[in-house]
2 protein chains.
Amino acid sequence: MITVYLAEDQSMLNSALTQLLELEDDLHVVGSATDGAAAWADLQRLTPDVAILDIEMPKLTGLDVADKLQAAQMLTKPIILTTFAQQAYFERAVNAQVAAYLLKDSPSDDLIAAIRKVMTGQTIYAPELVVNMLTAAHNPLTDREMAVLVAADEGLPTKAIAAKLFLSAGTVRNYLSAIFSKLGVHSRLEAIKIARTNKWLQ
Amino acid sequence: MITVYLAEDQSMLNSALTQLLELEDDLHVVGSATDGAAAWADLQRLTPDVAILDIEMPKLTGLDVADKLQAAQMLTKPIILTTFAQQAYFERAVNAQVAAYLLKDSPSDDLIAAIRKVMTGQTIYAPELVVNMLTAAHNPLTDREMAVLVAADEGLPTKAIAAKLFLSAGTVRNYLSAIFSKLGVHSRLEAIKIARTNKWLQ
DNA sequence: ACTTTCAAGTGACATTTGTCATATAACCAA
DNA sequence: TTGGTTATATGACAAATGTCACTTGAAAGT
């Protein structure tokens, strides 16, 4: 019998999956939560074989929980189950040595199959992500440029950005100019849009 | 026997719900799709009792499909099943006379209960939304101002916005100025931020 | 009929932004 | 040690942006 814990903040999916997994003879759902902190508390107590973790949850993300599982050297195998194929998330998950990384864009049978496979020691990554890994646009901005862009994203004007980062206004404009040139745009708005679609921001 | 159709673009939820609904003795899932256009084509052919519609789907949204069901005077009862409580969506759904409007933030049993209730002629709205309806900060911007703001949000400079909306550049600046004054800000960036947090944008 | 609101516009103006050239100092790698 | 990158800065300039004060016509409300 494989014991499974489910952390998923969308109740509809949480309850549907719980019931579905329970129907399998070799699986038993020992608990579930809709936020990361509750999940982590439960996991320490229940030590299930597998923990299915959504990434975007209140309080703690699924990746945070996976990190904690690894740090505590627990035997519970984390399976990340998330909506979108975002490179940054995937890389963090690989570093946290998750047992599987699945997209919600695949059928529930895939999840059930994945649970059984990770119990045999296999590691499973959604193929979309592995392909993406090679082609992913990585952030060309320096830390300093990112700090300026983040401040700009808050809607602050040049002077306020300068004050916030203890720079002169001219330097801030220079950074912004450098950012625009790297991203091939000509305004804060466009730069922010690009940074956002590439998930460098927010 | 209640026949049910399921349009939900997240495969994990789609397949999980399909299997779960099939377990109920009085429900039968006659078909499902992961995009709106396929759903509409199927619905015309299958004429199920109930159509569960996600809003954000490729090609046609669930609200588009609900509109079409109403326009074609079909007896299929639309149930909207969506992630977030957005006032604009809810209002459109009410106008399309949907049979129920549920959030994915509720358990799957609620959906099953809702299906049975709509078959008795009841209309079901998620309580969060009805409360929200009364308290919602309503958008103070005119349609025209919104059009300008949307264009600005795309990162377009004044001239491009003017060209897009067949206005003069001066008029566009005036609209923007009016928007800023209504929202109490002094830049496009800040205005966009406020519009976004209030869900008037995106 | 009168008023308000909205859509659309013009012109002038000050301010902010974006661009560019250029400079220095620190650090890191070949 | 030489060169590249980053962090920081200045000054000058053109372009874009935001503000204000107006005007006009149409639609909607009372």
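Predicted model, so just to flag it, every value in this text is computed and none were measured. Numbered from 1 within each chain, the chains take letters A, B, ... in sequence-line order. Keep in mind that the numbers below use all heavy atoms, side chains included, and drop hydrogens, waters and symmetry copies.
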Could you check how far CZ of Phe180(A) sits from P of dA14(D), rounded to whole Å? 20 Å
Can you tell me the distance, in whole Å, between the CZ atom of Arg173(A) and the P atom of dA21(C)? 16 Å
Under 4.0 Å: is that the gap between some side-chain N or O of Thr158(B) and OP1 or OP2 of dT17(D)? yes
Counting the atoms with a prime plus P, OP1 and OP2 as sugar-phosphate, which does Thr171(B) contact under 4.0 Å by heavy atoms, base, sugar-phosphate, or nothing? base
To the nearest angstrom, how far is Ile179(B) atom CD1 from dT19(D) atom C1'? 14 Å
Given dT10(C), is OP1 or OP2 found less than 4.0 Å from the side-chain N or O atoms of Ser168(B)? yes
Distance check needed: dG18(D) P versus Arg188(A) CZ, whole Å only. 10 Å
If you pin Val185(A) and Lys159(A) to their nearest nucleotides in DNA chain C, which one's is more 5'? Lys159(A)
Need one value for Tyr175(A): base, sugar-phosphate or nothing, where a base atom within 4.0 Å counts as base even if backbone is also close, heavy atoms only. base
Leu176(B) CG - dT15(C) P separation (whole Å): 20 Å
Whether the side chain of Ser15(A) engages the backbone of Ser11(A) through a donor-acceptor N/O pair (distance < 3.5 Å, no angle test) should be reported. yes
Is there a donor on the side chain of Asn174(B) or the base of dT10(C) sitting less than 3.5 Å from an acceptor on the other? yes
Which part of the nucleic acid, if any, lies within contact of Ser187(B), taking any heavy atom under 4.0 Å across all strands shown: a base, the sugar-phosphate backbone alone, or nothing? sugar-phosphate
Should Lys77(B) and Asp49(B) count as side-chain neighbours, where that means a heavy-atom distance under 4.5 Å? no
